[in-house]
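So the structure is just underneath, and the comments pick up after that.
Atoms within a ligand are numbered from 1 in the order they appear, just like the ligands themselves. These numbers were taken from a predicted model, which means no experiment stands behind them. Counting from 1, the numbers follow the sequence of the chain as shown. Atom set for the values below is all heavy atoms of this structure, side chains included, hydrogens, waters and symmetry mates excluded.
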Amino acid sequence: MENFYEKVWSGCLTVIKDNISPNSFNTWFAPIKPVRLKNNVLTLQVPSQFFYEWLEEHYIDLLKKTIKKELGADGRLEYSIVMDNNYHTSQGQPFTVHAPTLNKKALKNPPISLPIDLNRDKAGGRSIPNPFVIPGLKKLNIHPQLIDSYNFDNFIQGDCNRLARSAGLAVGQNPGKTSFNPLLIYSGNGLGKTHLAHAIGIEVKSHYPEKTVLYVTAEQFTNQFIDSIRNSNQNDFVHFYQMIDVLIVDDIHCLAGKPKTQDVFFHIFNQLHQSGKQIIITSDMPPVEMSGIEPRLLSRFKWGLSADLQLPDFETRIAILQKKIRNDGVEMPAEVLELISSKINTNVREMEGALISILAQSSMNKKDITLELAAHVIEKFVKHTPREVTIDIIKQTVCKYFDIPMEKLQSKSRKRETVQARQLAMYFSKLYTKSSLAAIGSKCGNKDHATVLHACKTIKNLVDTDKRFKKYVDDLDNMIKIH
Ligand code: ADP
Ligand code: MG
């Protein structure tokens, strides 16, 4: 049986529901729990401080009106804020804030705002744009993290991907409305999962610009979750994700062995699924073969559709390469494309890598793209037996690529280009040599190990956030591999 205060609150909710969008209602009012009514003061339990502030800032008039309607002119409202699933006081009593006593200024400076672009680190590079911005407040600004070129147009269809591609397209055109929820795409490495996942997000945005789409890797998700624990704002983390209309989580297998993150993902998954939101996940395994993932989560993954991407056949591989060079506005003899797709047949990413390397080799050495040059590059790609990479080779490659003299890289110069070239040299040295951080530092401008560590982090962040920079890293990677 409903308590009196529950009755009062559901009366309020009826009015509120009529006055705001269903989305806002679900986000901001559905999670509220009425806890008591005493002396005509209705106490509402809200999930976080931020939540309370948001209500006060945006819905106070509506709340006042409805309270008045239900409780009369002297009816009042009080909030109780739950923190970290525990109450705020040690006695287990709800910590009650009387709304008027809270400092209004705090509302203007919300505690967890992480403006994406201002988040520059010391080296001048951007760090990962944390999509974990304030719920609602930045709703329109939630950066979907989609890569434009990973669209359906550029995703060549073949027998290898027919089901996954058409299911993805259907989901993109009708998110949450098909039976493919979740849509799970799985395949081996480099066969197009990430591309297809982005394409779905882009498709949604093109049909429904108002929908909030978010692409995250399972790794980013995990890191945000860990940060939220550290900053005691897990509730905000969950609320942020609950506001997403189309959630794309790439490489979900990375959650293996992380039960806490799986728990929170399970919770978010259920909430989204229940409210008809679309979930897209990718994995390197079909659900039946995933290990280290909780059974209850696996069973959710099986609710929708699991579709795999297989290795494209020869013609499809050629078509992929053709599309790629056309997009890049370059030309390449047909026999070279054929050579690439016949020699490299396990991984589309490697095939593209070979293509880029051939282009790079030809433009750097001012040589035409011939079968011979292509064969030479491909051989190194396929055999995976590059000569040993040394720090010197890496430094030379970086200098050649950016056209800067070696002395600059070795110098103390703090010029942005030089710093970045130096950081790249450090990053690749760490990646490809067995040298210690200290040894790498001393060979790259006489820096200490901490600087090298910082460089590696900075490069990783930039690769995730800056497309142009990612291209540098991919080019360099290929050049170093085939030096
Ligand atoms: P995965 O996430 O499965 O490791 P990616 O999505 O990163 O693979 O794909 C690797 C590369 O191959 C990307 O550059 C992608 O654009 C390209 N690629 C894969 N499949 C296709 C396809 N069917 N059409 C066009 N490009 C593709
Ligand atoms: Mg991927």
Worksheet item: Is ligand 1 under 4.0 Å from a heavy atom in the side chain of Ser187, in the backbone, in both, or in neither?
Response: side chain
Worksheet entry | ligand 1 atoms in contact with Asn189 (distance to a heavy atom under 4.0 Å) | 4 (O)
Discussion item. Once you restrict to heavy atoms under 4.0 Å, what part of Met351 touches ligand 1? Side chain, backbone, both or neither.
Written reply: neither
Practice prompt. Give the ring-plane orientation class for Phe221 versus Tyr241, where under 30° counts as parallel, over 60° as perpendicular and anything between as tilted.
Written response: perpendicular
Worksheet entry | Per-atom contacts of ligand 1 with Gly190, taking only distances under 4.0 Å to non-hydrogen atoms | 1 (P), 3 (O), 4 (O), 8 (O), 10 (C)
Worksheet entry | Thr194 backbone or side-chain N/O/S under 2.8 Å from the Mg ion (ligand 2) | yes
Worksheet item: If you draw a 6.0 Å radius around NZ in Lys260, do more than 12 non-hydrogen atoms from other residues or ligands fall strictly inside?
Response: no
Fill in: Ser341 (side chain) donor-acceptor with Leu337 (main chain) under 3.5 angstrom
yes
Worksheet entry | SB check Asp153 Lys323 (cutoff 4.0 Å) | no
Worksheet entry | Passing option when His198 is tested against Phe152, Tyr215, Phe155 for ring-ring contact (aromatic ring centres under 6.0 Å, His included) | Tyr215
Worksheet item: Relative to atom 24 (N) of ligand 1, which among Leu196, Asn327, Ile156 owns the nearest non-hydrogen atom?
Response: Ile156
Fill in: Contact partition for Ile320 relative to ligand 1, non-hydrogen atoms under 4.0 Å
side chain
Discussion item. With a heavy-atom distance limit of 4.0 Å, tell me whether Asn154 approaches ligand 1 through its side chain, its backbone, both, or neither.
Written reply: backbone
